[in-house]
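Below you will find the structure I want to go over with you.
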Amino acid sequence: MSANPNEAETALAEAEAMSAPVREPATDMTGLAVIDPAWTNTGYWGPQDESLHPAILALRALFPDDVLGVTFFRDEVTINVRAQRLADICAALRDTPHLAYRTLTDLTAVDMLRLRDAPRFDVVVTLYSIPNRQRLRIKAGVAEGEPCPTLTGVYLAAGWLERECYDMFGIIFEGHPDLRRMLLPEDWDEGHPLRKDYPIRGYKQYVQPGFADAAPRITDYRRN
Amino acid sequence: MSISQMAPPATGTLEITDERQISATRRELVLNMGPQHPSTHGVLRVVLTLEGETIVATDPIIGYLHRGVEKIGETRRYAQFTPWTDRTDYVAAPQNNLGYILAVEKLCGIAAPERAQYWRVIMAELSRIASHLVWLGTHALDIGALSMSLYCFRERELILDIFERFCGARLTTNMMEIGGFSREIPEGLIDQIEHFLKVFPGYQQEYSDLLTANPIWIARTRGVGIIEPQAAIDYGLTGACLRGSGINYDIRKAQPYLVYDRLDFEVPLGTHGDVYDRYLVRMEEMRQALRIIRQCLDVVKDHKGPLMLNDSNYVIPPHDTVLRTAEDMQRHFVWVIKGFSPPVGEVYVGIEHSKGELGYYIYSDGSGVPYRLRIRSADFVNLQILPHFAQGAMLADAVALIGTIDIVLGSVDR
């Protein structure tokens with residue numbers, strides 16, 4: 001956030017005034033907002049315009065240095081942010097009344113090993129606003145070994161999703177209260193399987209419990 | 001492998017000292033439930049910490065059915081992965097197919113013809129009923145109503161018969177295809193669904209008669225496992241777990257996909273957020289599913305439109321012309337062997353699965369296989385609420401709490 005809270009509030013108010021279309025404030029958590037006809041054919045990810053999308057405007061006003069870019073594909077809106085501020089940005093998106101991204105739909109990662117040099121991972125956060133019926137995707141690049149701030153303080157749903165992400169990619173979520181493996185056994189010693197350099201069939205031969213040797217494997221299988 | 005090669009069995013003397021067993025300061029008992037427990041709906045393991053009969057802490061341990069479906073998805077061509085989606089939530093396979101197919105179609109920028117969309121809705125809603133029947137049967141069985149499971153599985157057979165006639169498979173259907181359906185609707189299928197629509201309300205009335213006013217059922221479910229609306233949102237719950245707490249979020253209404261915006265149906269909401277409300281919500285969802293199928297059947301009866309998108313790079317060519325024309329045979333060959341390459345980009349599609357929001361996130365690098373394929377299964381996220389609402393509950397209610405979330409471990413572990 002900006003150093004001066006009044007300044008941030010003014011910037012946010014300006015951003016809110018600029019965002020279109022103007023809709024009624026979402027006060028009723030259970031009610032469904034009426035979607036502007038211009039949005040309906042875009043699948044509710046919002047206007048395909050940086051100067052109109054309320055979430056982009058609000059984030060640019062509140063975190064001018066931490067919003068790295070915006071991508072539109074199909075009807076979807078992706079905001080690239082700096083990983084160090086990920087938790088603050090999500091908290092702002094949750095608490096800003098006219099955005100109200102109170103639901104964490106999904107948190108996962110993509111290993112960008114084959115597509116770019118650095119940073120290696122993209123943490124992908126999909127948010128949903130029940131009153132505004134709008135989705136938003138936040139992406140943050142995280143280098144290998146670099147910690148990513150946890151979202152457990154913002155969304156309770158992040159607990160297991162971050163555990164799974166740690167389990168599958170080895171991304172350390174700093175401040176997570178219980179960062180254990182989620183799906184793999186606790187004593188799994190072969191690394192993190194959804195990394196791109198992890199072989200499909202694993203590093204080691206699997207030995208059935210109670211047997212001395214591994215079962216013979218098909219060696220020249222084409223997807224080995 | 002001969003017996004002599006086998007390693008000696010892992011046994012030993014178990015030493016339990018009095019200090020470890022009972023402590024003067026901590027009067028807690030750690031109880032392991034599962035993974036091989038009939039009331040955990042699969043291979044869920046729950047480590048319960050008890051004080052007397054009250055649950056103090058819960059630690060669900062999952063992953064016993066983890067098959068690495070997401071990793072497999074990164075090695076399969078787009079069309080090859082559809083059968084794998086059946087294996088995630090195996091009691092509602094058509095809906096899994098649907099979520100994946102919609103994500104691929106959105107990535108490619110195509111849409112199925114109208115008639116195929118209606119048939120997709122029919123199959124998805126039938127599978128919603130089938131999934132809820134499995135849930136109702138096993139949930140009631142956990143709580144003690146044995147006969148419910150027999151009745152529910154009996155009626156589920158009718159739906160599986162419809163699936164069998166439609167696509168040849170009963171459980172892992174692999175039913176939806178990119179671009180629609182490549183085969184015609186079988187003869188007599190509509191009559192079979194009509195028959196189901198005619199008989200099922202009576203059967204469902206039997207379930208209601210057995211459970212809804214049953215004093216034992218009410219005593220075991222009402223006021224048990226209350227989820228407050230704020231907790232439901234914080235934990236990211238979707239589906240009946242969210243709507244049981246009174247929050248109106250149904251993707252079929254909030255962000256209509258397929259033809260749901262043309263159909264007339266209601267979204268049931270609970271008021272107390274307890275196990276009983278979620279039971280009522282799911283029962284009503286079955287009735288609304290029947291309404292949806294009724295409306296779709298009325299449309300598809302006289303609909304003569306195409307079932308499959310024809311002019312696209314992304315769709316399998318028609319079966320009959322593949323055998324007769326060289327062009328389609330070549331297209332078919334390339335489509336099967338090489339697959340198709342969608343544009344570079346990323347899409348997320350969430351559909352209203354019987355258990356909640358089923359999301360498929362595909363990151364495409366423009367090659368024939370997804371660069372990253374993520375399955376956001378509803379019950380994995382929903383199961384997180386278990387430690388929260390089991391705290392302070394009685395041990396006997398643990399099975400009711402696990403059952404009310406409606407989990408299928410194949411979908412939780414993926």
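Just so we're on the same page: letters track the sequence lines, and every chain starts at 1.
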Item to check | Contact winner vs chain B - A:Leu161, A:Leu184, A:Val154, heavy-atom pairs under 4.5 Å | outcome: A:Leu161
Checklist entry - A:Met182, A:Met112, A:Arg137: which one forms the most heavy-atom pairs within less than 4.5 Å of chain B? => result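 Of A:Met182, A:Met112, A:Arg137, A:Arg137 has the most heavy-atom pairs under 4.5 Å with chain B.
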Item to check | Within residues 405-414 of chain B, residues adjacent to chain A where the heavy-atom gap is under 4.5 Å | outcome: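 If one takes a 4.5 Å heavy-atom cut-off, the residues of residues 405-414 of chain B near chain A are B:Val412, B:Asp413, B:Arg414.
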Item to check | Nearest heavy-atom neighbours spanning A:Thr108 and B:Arg372 | outcome: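 Heavy atoms of A:Thr108 and B:Arg372 come nearest at OG1-NH2, 2.6 Å.
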Next on the checklist: For a 4.5 angstrom cut-off between non-hydrogen side-chain atoms, does A:Thr103 reach B:Tyr249?
Outcome noted: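 No, their side chains stay 4.5 Å or more apart.
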Next on the checklist: Which residues in residues 165-174 of chain A have any heavy atom closer than 4.5 Å to a heavy atom of chain B?
Outcome noted: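 The stretch touches chain B at A:Met168, A:Phe169.
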Checklist entry - How about A:Asp117: does its CG atom have over 12 heavy atoms from other parts shown lying under 6.0 Å from it? => result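 No - once you tally the heavy atoms of other residues, nucleotides and ligands closer than 6.0 Å, there are 12 at most.
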Next on the checklist: Using heavy-atom distances under 4.5 Å, tell me whether B:Tyr235 contacts chain A through its side chain, its backbone, both, or neither.
Outcome noted: both
Item to check | Distance-minimising heavy-atom pair for B:Tyr348 and A:Trp45 | outcome: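 Closest approach of B:Tyr348 to A:Trp45, heavy atoms only: O-CZ2, 4.1 Å.
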Next on the checklist: Assess whether a salt bridge exists between A:Glu164 and B:Arg374, defined as any Lys/Arg side-chain N lying under 4.0 Å from an Asp/Glu carboxylate O.
Outcome noted: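 Salt bridge between A:Glu164 and B:Arg374, a charged N being under 4.0 Å from a carboxylate O: yes.
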Checklist entry - Roughly how far, to the nearest 0.5 Å, is CD of A:Glu186 from CD1 of B:Ile61? => result 6.5 Å
Checklist entry - Ion pair present between A:Arg180 and B:Asp59, side-chain N to carboxylate O less than 4.0 angstrom? => result yes
Item to check | Most contacts with chain B, counted as non-hydrogen pairs under 4.5 angstrom, among A:Val110, A:Leu183, A:Asp178 | outcome: A:Leu183
Checklist entry - Checking heavy atoms, do the side chain of B:Ile72, its backbone, both or neither come under 4.5 Å from chain A? => result neither
Checklist entry - So among A:Thr105, A:Val124, A:Thr126, which one has a side-chain contact (heavy atoms from CB on, under 4.5 Å) with B:Tyr361? => result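 Answer after filtering A:Thr105, A:Val124, A:Thr126: A:Val124.
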Checklist entry - Between B:Lys106 and A:Phe73, is NZ or CZ placed under 6.0 angstrom from the six-membered ring centre and within 45° of the ring axis? => result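 No, a cation-pi geometry is absent between B:Lys106 and A:Phe73.
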Next on the checklist: Taking side chain as everything from C-beta outward and backbone as N, CA, C, O, which of these in A:Thr78 sits under 4.5 Å from a heavy atom of chain B? Side chain, backbone, both or neither.
Outcome noted: side chain
Next on the checklist: Let me confirm one number: the CD1-CZ distance from B:Ile62 to A:Arg163, rounded to the nearest 0.5 Å.
Outcome noted: 7.5 Å
Next on the checklist: Between the side chains of A:Arg114 and B:Asp365, is the shortest nitrogen-to-carboxylate-oxygen separation below 4.0 Å, so that they form an ion pair?
Outcome noted: no
Checklist entry - Which heavy-atom pair separates B:Tyr371 from A:Asp111 by the least distance, and what is that distance? => result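 Smallest heavy-atom distance, with atoms named: OH-O, 2.6 Å.
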Next on the checklist: Under 4.0 Å between a side-chain nitrogen and a carboxylate oxygen: does that hold for B:Glu74 and A:Arg195?
Outcome noted: no
Checklist entry - Between A:Ala157 and B:Gly236, what is the shortest heavy-atom contact and its length? => result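 Looks like CB-N, 3.8 Å.
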Checklist entry - Checking B:Pro387 against chain A: side chain, backbone, both or neither under 4.5 Å from a heavy atom? => result neither
Checklist entry - Checking heavy atoms, do the side chain of B:Val381, its backbone, both or neither come under 4.5 Å from chain A? => result side chain
Item to check | Under 4.5 Å from a heavy atom of chain A, the part of B:Glu357 involved | outcome: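 For B:Glu357, the side chain is the part near chain A, not the backbone.
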Checklist entry - By a 4.5 Å heavy-atom criterion (distance strictly below it), what part of B:Ile385 contacts chain A: side chain, backbone, both, or neither? => result neither
Next on the checklist: Ignoring hydrogens, what is the shortest heavy-atom contact between A:Leu104 and B:Arg376? Give both atom names and the distance.
Outcome noted: O-NH2, 4.4 Å
Next on the checklist: How long is the straight-line distance from CD1 of A:Ile130 back to CG of B:Leu242, given to the nearest 0.5 Å?
Outcome noted: 5.0 Å
Next on the checklist: If you apply the rule side chain to side chain contact (heavy atoms under 4.5 Å, CB included), what do you find for B:Lys71 with A:Tyr198, and how did you get there?
Outcome noted: CA-CA 10 Å; B:Lys71 184 82 174 174; A:Tyr198 189 94; 3.9 Å; yes
Item to check | A:Tyr155/B:Ile233 under side chain to side chain contact (heavy atoms under 4.5 Å, CB included): CA gap, chis, key distance, verdict | outcome: CA-CA 9 Å; A:Tyr155 301 106; B:Ile233 290 183; over 6 Å; no
